[in-house]
Every structure is written in structure tokens, then in C-alpha cells.
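The chains referred to below are lettered A, B, ... by the order of the sequence lines, with proteins before strands, and numbering in each begins at 1. Quick caveat: nothing in here was measured; it's all calculated off a predicted structure.
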Amino acid sequence: VSAFLLLRRGGATWAVAQPEVRGLARRDGAFEVTVAAGALTADEVLGVATGLRLLPAGAVLRRFWPEAAHGLGVHGVLPLVLIDPLSPPRSLLAGAPDRPRGGGAARKEEGEE
Amino acid sequence: MAATPEASGASGRAAATHLLVRAGEFVCALPLGAVRRVLRALPLYPLPGSAPELKGLAEFAGDPLPVLDLARLARAPQGANPAYPVTVVAWAGPPEARELVGLAADAALEVAHLPAAAVVGGDGALVAGETVVGGQVVRVIDLQALGKAS
């Protein structure tokens with residue numbers, strides 16, 4: 001994977017591997033990003049980043065943050081978490097509207113790095 | 001080959017050398033050999049759902065860095081103005097799996113020699129024990145224990 005969709009939510013920056021993005025739509029002033037686990041809510045879509053250098057989440061982070069992550073990286077000066085599309089952080093799922101999959105006008109967009 | 005008394009004494013002294021850091025109402029001691037850098041507070045990006053000890057992620061030398069609240073780790077009462085103007089970047093975890101972490105603190109104070117025999121108590125977790133420096137109680141932090149499950 002060489003491209004990642006970058007999102008902002010809850011003051012943090014999140015990355016989703018581009019092949020894992022099934023849909024992207026604006027909804028009620030926020031963004032809804034669909035991955036395998038369902039719809040994620042983002043406050044902002046920063047764009048698409050390439051060439052991220054990803055590191056595994058270390059034991060210290062895992063001890064104090066009980067979410068799955070596929071890795072950590074930095075985009076510019078922003079630290080980010082590469083989410084597991086099968087088990088994204090609950091804070092990303094929490095605000096997602098509860099509606100049947102496939103509803104709405106989901107589409108895929110690419111921003112600029 | 002057995003270590004000479006001089007060599008073992010030197011390594012023991014190095015192991016006993018600590019950076020004293022104010023964290024809340026406590027002074028904590030960090031093994032100096034584990035300290036990589038002392039910086040003005042790094043910009044932090046909180047991770048929703050994290051434990052209170054984890055203040056967030058920061059960027060350090062181009063890499064992501066988890067930053068922890070040293071006062072909470074030491075179970076110190078928060079100071080009157082917990083602004084955490086200092087981030088101590090240090091190695092944590094066992095030597096075979098060490099990783100860099102940031103420790104948000106109030107001030108870096110001084111370097112002190114704390115002989116192991118003078119350190120007593122400890123909670124079996126992150127606080128290796130306590131000692132007294134200049135009439136003040138100092139909590140010695142075991143950074144190697146930081147990467148272990150609580």
C-alpha cells in the first residue's frame with residue numbers, strides 16, 4: 001500500500017490505506033468514510049498521503065491505548081495512526097449515523113497531499 | 001572475563017546516575033542513561049479513548065512519539081499549574097524491546113547519583129522506590145517496566 005487517506009477526528013490524525021476505503025461522502029457537516037467494519041466519521045479529510053513511513057505501535061502505546069492500530073507514522077509534523085479497517089477505533093465509529101450499508105451517495109475522492 | 005572492581009564500580013555509578021524531574025508535587029528520578037533529550041513541551045495530539053496516563057502522540061525527529069503524564073505515572077498529585085512545559089524523551093521497556101517515549105513534566109532539575117542501596121520501597125510497577133535528595137523525597141521511576149502490561 002502506498003497511498004493513505006488522511007482524516008482528522010477528535011483532535012487526532014488517522015490514516016486509512018486507500019484500497020480499504022469503500023466510500024467517502026459528506027454528511028451533516030462531517031465526512032463519512034466507509035471501510036470494512038462500517039462507516040467512520042471524520043471532522044476533516046486532509047487528503048491523500050503517499051510514502052508514509054509506518055512503525056508498529058509499541059508496547060507503551062498498547063498499554064495505555066486499548067485500540068487496534070496497523071501502525072504509526074508522521075505526515076508533515078502530524079503524528080498519525082493507521083487504522084485497522086476491520087477494527088477501527090471506537091471514537092471513529094461513535095458518531096457515524098446508523099443507517100443501512102449502501103445507502104446514500106458514497107463516492108471515492110482523492111485530495112492533494 | 002570478570003569485570004574489574006573499577007569497571008563494575010564505574011558501570012554501577014552510571015546506572016545510579018539519574019535525572020531529577022519535577023512532576024506535579026513530586027520529584028521523580030529517571031535513569032540518566034535512558035534519557036535521550038529534554039525539550040520544551042512538544043505539541044500533543046490526544047488519542048480518544050486512551051488511559052489518563054497517555055497525553056497523546058507527538059512528533060519527534062520525524063517519528064511518532066507517545067507522550068505520557070509523568071505525574072500520573074508516579075501517582076503524584078497534580079501541581080497548582082500543570083502546564084507540563086517540559087518533555088523528556090527517554091527509552092522505555094526492556095533492553096531487547098526498548099522504545100522511545102515522551103514524559104510530560106514540569107521541570108528538569110539536576111543530575112544526581114542515587115545508590116541502589118539508598119532506594120527503598122517501590123510499588124512493584126513503575127515506581128522502583130524512593131530516596132531522599134537534599135531533604136526531598138524522590139520517586140525513582142523504572143522505565144523498563146513501562147512497556148509491560150499493568
(request) Count the heavy-atom pairs under 4.5 Å between each of A:Leu78, A:Val60, A:Leu61 and chain B, then report the option with the highest count. (result) A:Val60
(request) Below 4.5 Å from any heavy atom of chain B, which atoms of A:Arg53 appear? Answer side chain, backbone, both or neither. (result) side chain
(request) Can you tell which part of A:Leu55 gets under 4.5 Å to a heavy atom of chain B, answering side chain, backbone, both or neither? (result) side chain
(request) Under 4.5 Å heavy-atom distance to chain A, tell me which part of B:Leu143 shows up: side chain, backbone, both or neither. (result) neither
(message) Counting heavy-atom pairs closer than 4.5 Å to chain B, which one of A:Pro79, A:Ala59, A:Ala57 comes out on top?
(response) A:Pro79
(message) Could you check whether any side-chain N or O of A:Ser87 sits under 3.5 Å from a backbone N or O of A:Asp84, counting only pairs where one atom can act as donor and the other as acceptor?
(response) no
(request) State the OG1-CZ distance between A:Thr34 and A:Arg22, to the nearest 0.5 angstrom. (result) 9.0 Å
(message) With a 3.5 Å distance limit and no angle check, can you tell me whether B:His18 reaches the backbone of B:Ala16 through a side-chain donor-acceptor pair?
(response) yes
(request) Sort B:Pro66 into side chain, backbone, both or neither according to what part of it lies under 4.5 angstrom from a heavy atom of chain A. (result) side chain
(message) Quick check on the structure: residues of residues 10-17 of chain A within a heavy-atom distance below 4.5 Å of chain B, by number.
(response) A:Gly10, A:Gly11, A:Ala12, A:Trp14
(request) Answer yes or no: is there a donor N or O on one side and an acceptor on the other, between the side chain of A:Trp65 and the main chain of B:Gly56, under 3.5 Å? (result) no
(request) Pick one of side chain, backbone, both or neither for B:Ala58, based on which atoms fall under 4.5 Å of a heavy atom in chain A. (result) backbone
(request) Determine the sole option in A:Thr50, A:Val48, A:Leu54 for which the side-chain contact (heavy atoms from CB on, under 4.5 Å) test with A:Phe4 is passed. (result) A:Leu54
(message) Please give the remaining members of the hydrophobic cluster of B:Leu44, linking ILVMFWY side chains under 4.5 Å, ordered by chain and number.
(response) B:Leu39, B:Leu42, B:Phe60, B:Leu65, B:Val67, B:Val89, B:Trp91, B:Leu100
(message) Let me confirm one number: the NE2-CD distance from A:His75 to B:Glu59, rounded to the nearest 0.5 Å.
(response) 12.5 Å
(message) Using a strict threshold of under 4.0 Å (side-chain N to carboxylate O), is an ion pair present between B:Arg139 and B:Glu130?
(response) yes
(message) Could you measure the distance from the CG atom of B:Leu20 to the CD atom of B:Gln136? Nearest 0.5 Å is fine.
(response) 9.0 Å
(message) Between B:Ala92, B:Gly62, B:Gly93, who has the most heavy-atom pairs with chain A when the cutoff is under 4.5 Å?
(response) B:Gly62
(request) Please step through side-chain hydrogen bond (donor to acceptor under 3.5 Å, both in side chains) for the pair B:Tyr84 and B:Asp106, ending with a clear verdict. (result) CA-CA 5 Å; B:Tyr84 306 114; B:Asp106 291 306; over 6 Å; no
